[in-house]
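In what follows, a single structure is set out as C-alpha cells and then discussed.
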Amino acid sequence: MSRIVTRSIAVTEWNRERPKSFWDGKEQHLVERIIDEWWEMGAWWEGEGTRRMIRIETSELQWMDIECVDGIWSIYRIWD
Amino acid sequence: MFIHLHCHSIYSFFDGAARIESLVATAALHGMSSLALTDHNTITGLPEFHQWCNIYGIKPISGAELTLEDGSHITVIAKNKSGYSNLCKILTSAYGGPAPWNINSVYRKVSLSKRKNPYVTMESLFQNKEGLIVLTGCRRSRLVQLLLAKRYRDAEEWMAWLKKHFAENIYLEMQCNGFPGEHVLLALMKHLSEHVGVPLCATGNVHYVDRHDYPIHDLLRCMGVPQHVWVPSAIRPLNDRQWLYSSEEACHRFSEYPEAISNTYKISEMCEVVLRIGETTFPEFSKCSSSHQQLSLKELVYQGAQERYSTLTDKIRFRLEYELEIIQNLGYEDYFLIVWDVVRFARSKGIRCSGRGSAADSAVAFCLFITDVDSISRGLLFERFLSIERAERPDIDVDVEADRRDELMQYVYDSYGFERVARIATYQTFRGRMAVRAIGAALGLPEAFIDDLAKRIPGMASADGLESLLQNVPELRAYSAFYKQVQLLWNMASQIAGFPRHFGMHVGGVVISAKPLYEFTSLQPSGKGEWMTAFDKEGVEAVGLMKLDLLSLRTLSAVEGTVKLSEVTSGQIDFGKIPLDDEPTFEMIRQGETIGVFQLESPAQRALQSRLRADRMEDIIASVALIRPGPIQGNMVDPFLERRHGKSPILYLHPKLEPILRKTYGVVLFQEQVIEIATAIAHFTPGEADQLRRVMSKARSAHEIKKIGETFIDRAVQSGVDVKTAEDIFHYVQGYAGYGFCEAHAAAFGTLAYKTAYLVKHYPAEFFASIINQSPMGYYPIHVLCSEAKRRGVAVLGLDVNESECECMATNQTTVRFGWMQLKGMPRALSEQIVRIRNASGRFAGVQDFIQRVPEINRWMLENMIRAGAFDGVMRKTREEILWKLPEWLAYREWNMSPLGRLNKAMVPVDERYIQENIGEKVAWSDSATHNEEIAVKNSEIQILDEYSLLGNGFSGHWMTLYRPKLAGRGYLFIESLDSLGDGAMVQIAGLVVRPHRPPTKSGQTVVFFTVEDETGIVDATMFHSVYQKSGGVLFTPRGRMVGLRGILQRRGGNRPNVMVSTIWTLMRGSEI
C-alpha cells in the first residue's frame, strides 16, 4: 500500500545529483539507497514538464518516491 | 564514438516525429560518421535517408525494427547488399507476401489485419539471416519482456537460441531512456552478455530529433491508438528522453557500459552503403520480352515513321537520327522498347491510350505510336524531354482508358514477371484539415467543435499555414474568439505538416526491374490487394528503378463509350479521323458551351473560350496552357487575348525573343519557351535552362528562385543584354512559376479536348451518357451534366426497372436513360442479374414480382431502388406507400423460400387474390404503363432529396422548385433569363452552389469562383475579396449550399454572362429569404 502525499522537502545534502538527506517538515531523512530512478512527462498540454522520480529507502527503512519538478523536490508517495 | 543504430523517422507512421533531413543534419552536427534508420516494419524512408546522408557526408545504415509474431520487437540492420535483399524479403513476408519469393499473381489475398499489422516469423528471419546484424530490440523486445518478468532462465535460452542462429551478428541491445527498473535491467543484460557471450550494443531508440518534439510524438501515438491525451496508456512514451542525443550524452547514460558504446561504432564500420542513389538499372527488353519478333529500336522507329509521314524528308530523318543517337548514348533504348511494347499491346487489343507529358516532345515516341503529337511539325524541343547534358532518366506517362487499364497492367506483369514488376506506393500526408482533425481528436477537443472547424479550413490549406487563415479566411473568423483554445491545436498541427499518414497506391505508377525487386525494395499489398513497392515515386526513381506511368483517363473511357453507343444510335464514329476543322464544333467552343469537354469545362475555361473565339487547333492548345496558375498569376491571359485579336501590338522585350514567342503572340505559355529563352538570352546550357524551368514550374522556395534569377541576369548581361531588360525578361518568365503545361503536353491534351468537343456537339446524348457512366470525372457533378444535356435538347430519364440497363444508355439521339450502376451502392453483379432476368423472362410487373424473380435483392438495395423511382412506371402506389408495404412483401418472400413455405406452396394453390388483398398488390405489367400518371407524389421534398442522394440528380424536380414558391415576388430572376440582359445589369438570383473554389491570385487576395444552378440553367459567378470577407465565407460552410445573391452582370468581351457578386446570403427554407 502507498499514500500519495505531494509534499515539498528541503534537500540538504547531495550525492551525485541525487538527494542524500532532506527535511520533510520538522523531520529529517537520510537516503540509505536508491532503489529506482526514472523520468515521467507531465500533462505537457497544460504546461507541465518532465518529472524526475527517485524511489529511495531511508535510514529508517522507509520507502518513498520523491520527485523533482522544475528544480523543486517533494515527496510524491510514501510506501507502507 | 557513439553511433545511433536505432532511429525512427516519420515513416514509422504514428510512432516517429523525426523528419529525415533533421535526423541526418543533427547527427552530422553531433559529429557522427554514420547513422542507421530503423523504422517500424518498413524501409520507406531509406531513399530519402540516403540522399540526405550523401549531402551531409554521413554513412547511411539501412535497417528496420521488425515486429515478431508475438508482437515483440527486434532490430535488424543490413550489413551489406545481400543483407539488404534479405531484409526486403523478410519485410515482404511480414505483409503476407510469399516466402520464398515466388509471387505468381497480381492480386494475392492478404488479410486486412496483416496488411495493417505486419509481423515477421522467426522462420522467415532465420531463412534470410545472411548479411544481417540483429540487435535484440527495445523495451518491447522479447528479451526485455522476459527480464522484466524475472524469467531469467527463459531470457538466457532466448539469447542462446539467437546466438546459435546469428552467431557473431547478434548484439544485446541496451537502452537507457529513464524508464523504471532500467538500472536493474541493464545490469542483468550485462550479466547475460557475459554469460552467453553476446556483445552489448547501446542504442537510443530515437523517435524525435529534439526533446522539445516530444509532444508531437506523444500525439502521434495517441492518434495511432486512437485515444486522447487525458487517457494514460502503456503504449504512449513515458518521457521525453528518446531524442537524437550526442555522443557525450550517450557516454553519460551508458557510463557503466563503455563496451556498449564502442560496439556501436564497430557495427557501423561493418555496414556498407546498400542503396546506390542515382544508379539506373533498366531492364533489357530483348531478354525480358519474347512476345514478338525482335526488331531494333531504329528499325521500329523508321517503320513507324513510314506510317506517320507520307514522305521521309531530310528534316525528319535528321531529327530521328538526332534523337536516336541521344537515346542510344544514354542507354535508354530498352526503355523506349518497353513502352512501345506496352502501347503496341494496348492498340492491338483496342485499348485507347496515348502518351502525354514531355514524351510528346519526342519524334521517336511519335513514330513508335507512343504519343500522337507530331513534334517535328510543331517544332518541339526534344531537349525538354531528354538531353545528353542532363542525362536524366526519361519519364513517359501513358493515358489509358480507365475501364481497361488493368488489362494493360496484367500484360506488364505477364511480360516481365511478377518478381520484377510492382505498383508504386504513395503516402497521404497531413494537410490542414486532416491535421486539425487528428490533433484535435488527440487533444480531446469536442468532436463537433473539431468537425465544424475542419470543414471551414480550405481544402488545400497546408497544415503549417493555419495561423494566417484565422485572419484571412472569413468563415474561420468566428474561431478568433477561441484563439487561446485553438492555439495549441494550430501549433501542433503545423508541426505535423507533411508527415505521412498512411500508405496508398500511386494512381498509375508501375516499376519494371532488371533484377528481382527484392534487391531494391520490399513489397507490401495495397488495399486493392496489388503488390507495391515500399517507396514512393521519388524513392523508386532515386534507387534507379524504371518507372512507367499507366494513368487511368476516364475521358478515354467516355470516348470509347460514346463510340459504342453511337453504333446503335447514329452509326459508327472513327475517333481517329474526326476532322480538326469542324466549324460547328469551333462555334460551340466560341460560345463557351463546353461543359463536359475534356480540359475546357471549368468556368475559367468557358469564360476564356467565349473571349478567345477559337477558330483553329492552335487556339485550343494555347487555351489548355493559358488557364493554369502560372500564366494567370503572370498576368498573361489578357495580353494574349488582346494580341490574338490584334487589339494590342505584339512586342518583344528583346529581338531574340521573337522567334521563340512568335507563335504565342509574344507571351510565354510553354515550358519549352522558358528553356529557349534561357538559352538564347542568358546562354544557359540546356541542362541549366531546364533547371531554371524546374525551379519555376515546381514553385520552389523564393530563395531558390532568387538565386537562379541572379545567375540568369548576370549571364544575360554578360551576353550583351542590358540589366533592365534582363530583369524584365526574368520577371516575365518568373510569372510562369507554378505548374504550367509543356507545349507537347498541351498539344496532346488540346487535341483530345477538341475531339471531345466534337462529340459533345454531334453526339450529345451518347457523350453525356458516357461521361455520366464515368462519373465522378471532370469538373462538374452529375446534376450539372444532366442540366447541360437537357439544355442541349437531350432528355435525361431516371431509373426504370423495365428500361434501365447496367450503364447509362443513349436510347436514341435525344434521350439518355440512367443505368443501374448510377444508383448508389448497386453492385455490378446485381445490376447484371436484373437485366439478365428481365431479358430472359419478361418485364417486371411490380415490386412484388421483382422480389420474387430477383432473389438476390436485399431490403436495403430494394429500398434504394424504390426511393430512386425505379418502380414509378409499374406501380399504382406512391414510393412512400410502397416502402410501407415492403417489409410485408419481403416477409412473404422469406416465408415462401422457407422449407415450410415451399411445402405449403406445393400443396396449396396460391391464391393470388389473397396476396393482392392481404400481402401486397400484383399489377399486370400490361396495365401498369397506363397508370403512370396516377402516381401521386405526396412528398416531393423527400423524393427530390432521395434522387439527389441516390442518383446525383433530381428527376422529380430541381432543388430550387422547393424554394421557388417563397421566392416569388421578391425580385429573383431565373438564370436562363440572364442571357437576354445586357452588361452592367443588376441581377438577383438564387440557386444551388456548385464547385466554389479560391485559386491563388497574383495579388494574394482571395477571389472566389463558383457556379450557380437553378431549375433553368447555370451561370458562373465571381466574388472579389471585399465581398468574400464581408459575406462570402458562407459558401465554404454547410449552410452555403443554397444561396441567394445579388450582383452585376458582365461578359468581359465574351458572350457568356458572369455575375460579379456584391452580396450573398444563405437561402433558408421556411423562413425569410
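Keep in mind it's a predicted model, so treat the numbers as computed, not measured.
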Counting backbone as well as side chains, what donor-acceptor pairs lie under 3.5 Å between chain A and chain B?
from: A:D36; atom 1: OD1; to: B:G181; atom 2: N; distance (Å): 3.0
from: A:D36; atom 1: OD2; to: B:G181; atom 2: N; distance (Å): 2.6
from: A:W39; atom 1: N; to: B:G178; atom 2: O; distance (Å): 2.9
from: A:W39; atom 1: O; to: B:N239; atom 2: ND2; distance (Å): 3.0
from: A:M41; atom 1: N; to: B:L238; atom 2: O; distance (Å): 2.8
from: A:W44; atom 1: NE1; to: B:D218; atom 2: OD2; distance (Å): 2.7
from: A:T50; atom 1: OG1; to: B:D240; atom 2: OD1; distance (Å): 3.3
from: A:T50; atom 1: OG1; to: B:D240; atom 2: OD2; distance (Å): 3.0

For each of B:L219, B:L488, B:V184, B:V229, tally heavy-atom pairs with chain A at distances under 4.5 Å, and name the one with the top tally.
B:V229

Can you list, pair by pair, the side-chain donor-acceptor contacts under 3.5 Å of residues 22-29 of chain A, counting residues two or more places apart and other chains?
from: A:D24; atom 1: OD1; to: A:R7; atom 2: NE; distance (Å): 3.0
from: A:D24; atom 1: OD2; to: A:R7; atom 2: NH2; distance (Å): 2.7
from: A:H29; atom 1: ND1; to: A:E60; atom 2: OE1; distance (Å): 3.4

Partners of A:D80 by side chain to side chain contact (heavy atoms under 4.5 Å, CB included), sequence neighbours excluded?
A:M1, A:R3

Just jot down the side chain to side chain contact (heavy atoms under 4.5 Å, CB included) partners of B:A438, sequence neighbours excluded, or say none.
B:M223, B:F430

